[in-house]
Amino acid sequence: VRNYTIGDVLSRYHRMKGFQVMQPMGWDAFGLPAENAAMANGVPPAKWTDDNIAYMRKQLKSLGFAIDWSRELATCKPEYYRWNQWLFLRMLEKDLVYKKTGVVNWDPIDQTVLANEQVIDGRGWRTGALVEKREIPMYYMRITAYADELLSALDSLAGWPERVKVMQANWIGRSEGVEVSFPYEDGSGVLKVFTTRADTLMGATYCAVAAEHPLATRAAANNPQLAAFIEQCKRGAVIEAEIATQPKAGMATGQFVVHPLSGEKLPVWVANYVLMGYGEGAVMAVPAHDERDFEFATQYRLPIKRVVQSTRGAYEDTVAPWQDAYAEPGVTIDSGAFSGLAFEAAVDAIAAALEAKGLGKKRVQYRLRDWGISRQRYWGTPIPLIYCERCGDVPVPDDQLPVVLPDNLVPDGTGNPLAKTPSFYQTACPTCGGTARRETDTMDTFVDSSWYYMRYCCPDDATAMVDDRVGYWMTVDQYIGGIEHAILHLLYSRFWTKVMRDFGLVQIDEPFTNLLTQGMVLNEIFYRKSDSGRITYFNPADVELILDERGQRIGAKLKLDGKPVESDGIGTMSKSKNNGIDPQALIDEHGADTARLFTMFAAPPEQTLEWSDAGVEGAFRFLKRLWHFCAEFQRAGGAQTANDPSALARQVAASPDQTALRHEIHAILKQANYDLLKFQFNTVVSAAMKILNALEKAYRGAGGVSAVLAFSQESLPLVREALAIQLRLLAPITPHLSFHVWRELGLGNDVFDAPWPEPDENALKLDEIELVLQVNGKLRGSIKVPSDAVRAQIEQMALASPIAQKYIEGQSVKKVVVVPGRLVNVVL
RNA sequence: GCCGGGAUGGCGGAAUUGGUAGACGCACGGGACUCAAAAUCCCGCGGUGGUGACACCAUGGGGGUUCGAUUCCCCCUCCCGGCACCA
């Protein structure tokens, strides 16, 4: 509701601003959740997915979103995913897709590959079995070939939040450093490492390699203890966060390398903090200047040699080498010929020395890895390959696309159903016609979401992935998505767009011109734990809070049985924690406009939002008051008032009250228009509330109780103008009410065809303005000055004011700060 | 652990990016209307002191820059998002 209300508000606002707006909708429908639901309910994921699409489509319609349903698509339909297969084959031809082994989580009981999400504390979520790692062949997309462009093009994305660009830049992780070769002791080769801190090379006291490194494998061949340790490492975590937080562990390989400059003999260790996937899978360890090396060296009593000194202060005077690592750049010390050099000079000198010996060179390293897209799962796009014993790996020919996914299978949690369905995997080799087997892996669902926005432009094209219409509409002017997509989805989409561009399919370089990263909606999590330790989660809608007489919360109970439930704090809304909210109840009780208004009012779009329906009544009350006010205005004959700007100006000029009211309304409108530019919809709603408050205050009749409103004939043109502003300001947020009342009040046929309201500069002008008066920066009062007063005049009036005089008495004025239109500060 | 973001009344949040901290709304308290309740309307509502005009304190904690800091800088705490197979 939050995500699509933001989109609808922006769409309707831009439509009123005169733009031609396309607001499409589709279903990213492949993936794990559908398989899990299918498993739980014993129905094929296709049926579950279709039912959900129908339910959600109905709900989106009831919320009144201005969606062009003729463009609707679902990524799980062959008309869509055939083009995933088609582009995959084009990429395979250009070597942008390749095959290599990759590591997966393996559940030994269910005999199945697990997603990271399905691994809980190192065990399979269904079986509880200790998860193993397995290496299997997979297909990769060569996103690293685009690393440079994906990084540099971030600068062109002016409409993206800075934080997203920073996260992407760090993810790509371009670093300039030095590749250093440490010759093996026996001269049989070299151990290559990459470092960004070549200045610390003279402080290297050992080298460390990943468990999967060839050197480790070789060393383990006649060292059973080491082999066992490596096995243990390989069984460990796959998730980077776990690898980075697990306790450091290592073992000496018994192998030694030679320091390329000093000739010193350094031991080589296997360490669980070295990643095979980054750099060379090996590091030179400088415990004195790297936190992780320091921790490891301390733990295994390896030497620590300090070779860099702080330039700022005497860090090394107060902290001994065995106490802490100094990881900042500084000046080299105790480094022989390389001593006394600043960071860059030291790196240059050491790189040059290495290069002269043929044992190193400067190079660029990326953190970004190629995109593994193979999934050993059913509910996804089939990878279009065929394996023939005679011909090998044979791509599916274009005229045999799409490879259609059977839609009647029910996964049971053990392996991939496709691999157990001969009618799917048995096929003929396209080359030799012999018996062959289809690939049963499917594609990562990020493939589906990497280009769906382009397909909205031409959803009916049965002969091509995209056509000319894509050129007309693309790029996406305003993309809206959760901040959780900041890296993966948004990076893959950018990569995919560039690939399509290089194939000549589109002319754009980037998919999304402006990006709004909406904050997540959180809600409280309630549960009970049974004696056996099994946890049951309860939906917050079924829980009642227990309050004391002061309204302070003292507990919570289940409405059904009145017995207490525990709170697990606030978390992202999720099915597993049963803390989501079905918006239907809100829509049923208060209507779509209230649901939309409240959602927009609760917080600015980019901010995380803790769900609470405590304010819904306030939003509903406001709309009822507005409706009532409009009805009273209509009853007073307001709908018959002609739209006559000069008559309005005359009548307003004749009344100071009307002048003040009109000024107030136009000032609120000016601020609201500014807030809209920043997409700050919560204060736009607040502005609409202020307008109604001002109108009610001005026209509330005597006796108050039954909210009788009194409009004089003279006031009708002004109220008409105010309501015309109000209804247009609210139209993007509460389209139903605005559309109806706009018509009822005779303001026009369709409020969405009306121009966006702009404040009248004449109404904004004031003869006299109030300035804040400060003395020594403290608020002491205010003074009224003519709005066209110059600095000297303001200064003089401020000093002459009784308030200032009171404080000045007996002291001298040092200076007077005047901030035009805001304040005067007298410094004593 | 690393990268990014956040913290303001009882609650959601505002403060035109260095210029009146708490707009707007919720909750709460008092009052009006009513036989009564609901709905509606009016008033109050950060803390401490004072009868009072007023004074002082206060934007997660500690320091700094400035005439002036929620806003800028340094250090710290806690929370949220991401970490490549949830999407």
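Chain naming here is simple, since letters A, B, ... match the order of the sequence lines and numbering starts at 1 in each.
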Please tabulate the protein-to-nucleotide N/O contacts below 3.5 Å involving nucleotides 85-87 of chain B, giving atom names and distances.
residue: B:C85; atom: OP2; partner: A:R375; partner atom: NH2; Å: 2.9
residue: B:C85; atom: O4'; partner: A:R375; partner atom: NE; Å: 3.3
residue: B:C85; atom: O3'; partner: A:N116; partner atom: N; Å: 3.3
residue: B:C85; atom: O2'; partner: A:N116; partner atom: N; Å: 2.6
residue: B:C85; atom: O2'; partner: A:N116; partner atom: OD1; Å: 3.2
residue: B:C85; atom: O2; partner: A:R377; partner atom: NH2; Å: 2.4
residue: B:C85; atom: N4; partner: A:S374; partner atom: O; Å: 3.3
residue: B:C85; atom: N4; partner: A:Q376; partner atom: OE1; Å: 3.0
residue: B:C86; atom: OP2; partner: A:N116; partner atom: N; Å: 3.3
residue: B:C86; atom: OP2; partner: A:E117; partner atom: N; Å: 2.7
residue: B:C86; atom: O4'; partner: A:E117; partner atom: OE1; Å: 3.3
residue: B:C86; atom: O4'; partner: A:E117; partner atom: OE2; Å: 3.4
residue: B:A87; atom: OP1; partner: A:L32; partner atom: N; Å: 3.2
residue: B:A87; atom: O5'; partner: A:T445; partner atom: OG1; Å: 3.2
residue: B:A87; atom: O3'; partner: A:D28; partner atom: OD2; Å: 2.8

Kindly give the atom pairs (protein nitrogen or oxygen, nucleotide nitrogen or oxygen) under 3.5 Å for nucleotides 16-20 of chain B.
residue: B:U16; atom: N3; partner: A:R822; partner atom: NH2; Å: 2.7
residue: B:U16; atom: O4; partner: A:R822; partner atom: NH1; Å: 2.7
residue: B:U16; atom: O4; partner: A:R822; partner atom: NH2; Å: 2.6
residue: B:G19; atom: N2; partner: A:Q774; partner atom: OE1; Å: 3.2

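When distances are taken from the side chain of A:V827 to each of B:G12, B:C41, B:C67, the shortest belongs to B:C67.
Phosphate contact (OP1/OP2 of B:C2, side-chain N/O of A:T245, threshold under 4.0 Å): absent. OP1 or OP2 of B:A15 sits under 4.0 Å from a side-chain N or O of A:Q680. For A:N170, a side-chain nitrogen or oxygen approaches OP1 or OP2 of B:G4 to under 4.0 Å. Contact between the side-chain N/O atoms of A:R780 and the OP1/OP2 oxygens of B:A55 is found at a separation under 4.0 Å. Distances shown here put a side-chain N or O of A:Y807 below 4.0 Å from the OP1 or OP2 atom of B:A55. In this model, the phosphate group of B:A23 is not approached by any side-chain N or O of A:N693 to a distance below 4.0 Å at OP1 or OP2. Of the side-chain N and O atoms in A:K778, one or more sit less than 4.0 angstrom from OP1 or OP2 of B:C57.
You'll find the ring centres of A:Y453 and A:F512 inside the 6.0 Å limit. Residues A:F598 and A:W611 place their aromatic rings such that the two centres sit under 6.0 Å apart. In this structure, the ring of A:Y452 has its center no less than 6.0 angstrom from the ring center of A:W27.
Within the structure, the side chain to side chain donor-acceptor pair (under 3.5 Å) test picks out the following pairs touching residues 676-692 of chain A (sequence neighbours left out): A:D675-A:T683, A:Q680-A:T683.
We find that CD1 of A:I487 is positioned 12 Å from C1' of B:G5, with the value rounded to whole Å. One can place CG of A:N682 at 9 Å from P of B:G13, the figure rounded to the nearest angstrom. As rounded to whole Å, 9 Å separates atom C1' of B:G1 from atom CD of A:E240.
With rounding to the nearest 0.5 Å, the separation of CG in A:L516 from CD in A:E606 is 4.5 Å.
With its glycosidic angle within 90° of 0, B:G9 is assigned syn.
Ring planes of A:Y146 and A:F495: perpendicular class, angle over 60° (limits at 30 and 60°).
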